Amino acid sequence: MSLSAVALAGCNARDSGSGAESDPDTRDDAVLDIRDFGAAVDGTTDDTQAVRDAIDAVGEGGTVYFPTGTTLVSADDRTAEGAKAIEVRGDDLPDDVTFRGDGEGSVVRLAGGHEDNHGLFSWKPEGGIVGHVIRDLTVDGNRHEQPADPENDKNGLNLGVSEATSDESTVDVTFRDVRSVDANTECFTFLQGGCVADRCTASGAGKHGFGIDTYDNVGPALPPVVVRNSHAYDCDVYGIDCSGGTTLVEDCVLEENGWGTKTTAHVVEATFRRVRIANNEQLGYQRNDVPMETEETATVRLDDVVAQSNGDQGFRFGRDTEYAVGTVTALGNNGAGNGSGNIAIMDNASVTADEIRSFNAEFGAGIHYWSSEPSTISLYVNFGNRNGPFDGELERLAVRAIDVDVPNDVVDSIATGPVPNSSDVGAGTGD
């Protein structure tokens with residue numbers, strides 16, 4: 001890898017009056033402060049080259065440090081398709097590198113004027129990336145100053161990991177305590193298993209907070225993409241879009257988006273544990289009626305998942321999927337009256353559930369059953385659903401026990417339990 005003259009010189013041009021007063025915890029040679037490579041960190045000067053030079057210079061086990069302030073970056077050609085401001089390539093950079101700031105005040109912002117598909121900060125694994133950690137940063141896609149139009153398939157991605165070049169590649173990239181905001185399309189994009197988002201926040205995306213699709217990509221299929229202890233809100237389409245491959249979502253809150261989350265025809269396996277899906281404009285969770293494009297029926301597991309106050313159904317269990325449910329709770333969904341109730345089991349979905357709870361559907365029944373396949377619920381707890389506990393083709397639904405005498409105060413307590421609220425998750429909520 002070539003090392004620029006700026007990197008060799010070290011620049012030593014930090015302006016102590018720039019307003020960027022914070023320093024990394026250590027000042028040894030393993031920590032490279034982008035100001036030492038010429039970054040102004042003032043929100044107006046383009047710091048792209050300084051950031052690239054610092055990344056070029058980092059060694060194995062080293063850290064690229066982004067101080068408090070706004071680091072402005074841009075692609076070389078803002079009109080080009082696929083333009084990227086900062087790209088980390090696995091074949092060029094060593095393993096075990098950390099990219100970190102001081103928290104919410106360390107902002108990396110994309111300059112305006114990107115006209116086509118573009119990326120702010122991306123990782124291209126190539127032959128593999130191991131031990132890369134991105135933490136304690138805010139990444140701002142500045143979507144309202146980008147001419148690229150997501151409605152015309154012009155994507156703008158804040159943080160992305162693309163697919164590797166071979167099935168033998170190892171990918172291990174972790175995002176921790178990162179705020180990704182105002183992406184033109186997606187705040188986080190994961191196209192490769194081995195990516196982890198832990199205590200991250202995604203907000204203000206033109207499409208999805210987290211976009212995940214590892215199906216049929218070159219590279220290792222496992223481990224899954226993991227999103228945990230994270231918060232997605234105010235995204236125009238999905239909080240978490242599980243579009244393909246294998247995904248684990250746990251201890252997360254998805255609220256006030258267009259939709260909460262989905263699985264698709266390309267999903268092999270998805271697991272949702274301790275997830276709150278609340279106040280989304282349309283559905284909470286859905287699998288729509290598009291035939292599978294994998295070679296086998298998908299498996300989706302849900303346990304301690306709460307869907308509450310979503311505009312349409314809380315859950316739409318759908319096409320070509322076998323559902324293994326521990327406990328799910330649907331509370332006060334379908335306020336817009338466009339769905340069929342709190343919970344819909346549709347298409348050819350098959351559900352095996354320990355306990356399903358359905359309370360206070362604004363319109364429709366507690367469970368609407370319209371699947372061609374049988375399902376079994378060990379315990380169905382329902383209360384206050386506007387059109388009663390069930391409707392649909394019920395001869396294929398086996399319910400072993402029903403509890404209908406549940407007062408409102410118990411409903412409220414059941415809907416919380418081990419499932420986090422927004423104050424419990426996202427960037428800055430850890431120890």
Side-chain angles (χ1 to χ4, degrees), residues 151 153 207-216 235-247 249 254 257-272 275 277 280-302 305 307 310-325 328 330 333-353 356 358 361-377 385 387 390-399:
E151 297 301 318
D153 294 326
K207 286 191 176 177
H208 314 311
F210 296 84
I212 302 166
D213 188 356
T214 65
Y215 176 69
D216 205 26
C235 299
D236 288 1
V237 188
Y238 286 96
I240 299 182
D241 175 23
C242 302
S243 276
T246 305
T247 304
V249 179
L254 317 176
N257 305 290
W259 290 260
T261 188
K262 72 172 180 182
T263 55
T264 74
H266 289 140
V267 165
V268 176
E269 184 174 316
T271 300
F272 300 86
V275 178
I277 309 170
N280 296 288
E281 183 179 351
Q282 300 192 53
L283 290 114
Y285 160 83
Q286 75 159 331
R287 165 67 167 97
N288 61 15
D289 187 22
V290 176
M292 67 179 178
E293 298 183 27
T294 62
E295 295 180 355
E296 56 186 293
T297 300
T299 299
V300 174
R301 299 179 177 87
L302 303 99
V305 178
N310 297 289
D312 294 339
Q313 294 124 327
F315 298 95
R316 186 195 190 278
F317 299 118
R319 183 74 176 262
D320 297 331
T321 304
E322 294 180 351
Y323 291 92
V325 175
V328 297
N333 297 288
N334 203 30
N338 296 323
S340 50
N342 256 345
I343 298 170
I345 302 175
M346 304 293 289
D347 312 320
N348 61 350
S350 175
V351 177
T352 302
I356 288 182
S358 184
E362 301 258 355
F363 291 90
I367 293 178
H368 174 77
Y369 200 87
W370 208 259
S371 173
S372 60
E373 295 297 318
S375 295
T376 301
I377 301 170
N385 295 299
N387 288 16
F390 303 101
D391 69 11
E393 297 185 347
L394 303 178
E395 62 272 15
R396 288 184 288 276
L397 176 61
V399 179

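The chain is numbered in sequence order, starting from 1. Keep in mind it's a predicted model, so treat the numbers as computed, not measured.
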Do the non-hydrogen side-chain atoms of Pro374 and Leu397 ever get within less than 4.5 Å of each other?
-> no
Tightest non-hydrogen contact, residues Asn310 and Ile277, listed as ND2-O, 3.0 Å
Value for OG (Ser350) from CD (Glu373), rounded to nearest 0.5 Å, stands at 6.5 Å
* Asked: Would Asp289 and Arg316 pass as an ion pair if we require N to O under 4.0 Å?
  -> no
Minimal heavy-atom distance between Ala349 and Gly318, with the atoms involved, is CB-O, 3.2 Å
Exercise for the section: Using distance alone, with no hydrogens and no angle criterion, decide if Ser358 and Asn342 have a side-chain donor and acceptor under 3.5 Å apart. Expected result: yes
By salt bridge (charged side-chain N to carboxylate O under 4.0 Å, His left out), Asp312 pairs with (sequence neighbours left out) none
Output for pair (Asp347 CG, Thr321 OG1), nearest 0.5 Å, gives 8.5 Å
Test log, rule salt bridge (Lys or Arg N to Asp or Glu O under 4.0 Å), inputs Asp236 and Lys207:
CA-CA 5 Å; Asp236 288 1; Lys207 286 191 176 177; over 6 Å; no
*Below 4.5 Å, heavy atoms only, C-beta onward: do Arg319 and Asn348 meet side chain to side chain?*
yes
Exercise. Would you call the rings of His266 and Tyr215 parallel, tilted or perpendicular, where under 30° means parallel and over 60° means perpendicular?
Worked result: parallel
Less than 4.5 Å apart, side chain to side chain, heavy atoms only: is that true for Val300 and Leu302? yes
>> Contact between Val325 and Val351 at the side-chain level, heavy atoms closer than 4.5 Å - yes or no?
In response: yes
All heavy atoms of Ala365 vs all of Phe390, minimum pair found to be CB-C, 3.7 Å
Worksheet item: So, do Phe272 and Thr263 sit near enough that their side-chain heavy atoms are less than 4.5 Å apart?
Response: yes
Under a 3.5 Å cutoff, is there a donor and acceptor pairing between the side chains of Ser375 and Tyr369? yes
Parallel, tilted or perpendicular: which one describes the rings of Phe315 and Tyr285, with boundaries at 30° and 60°? tilted
Any side-chain heavy atom of Val267 within less than 4.5 Å of one from Lys262?
-> no
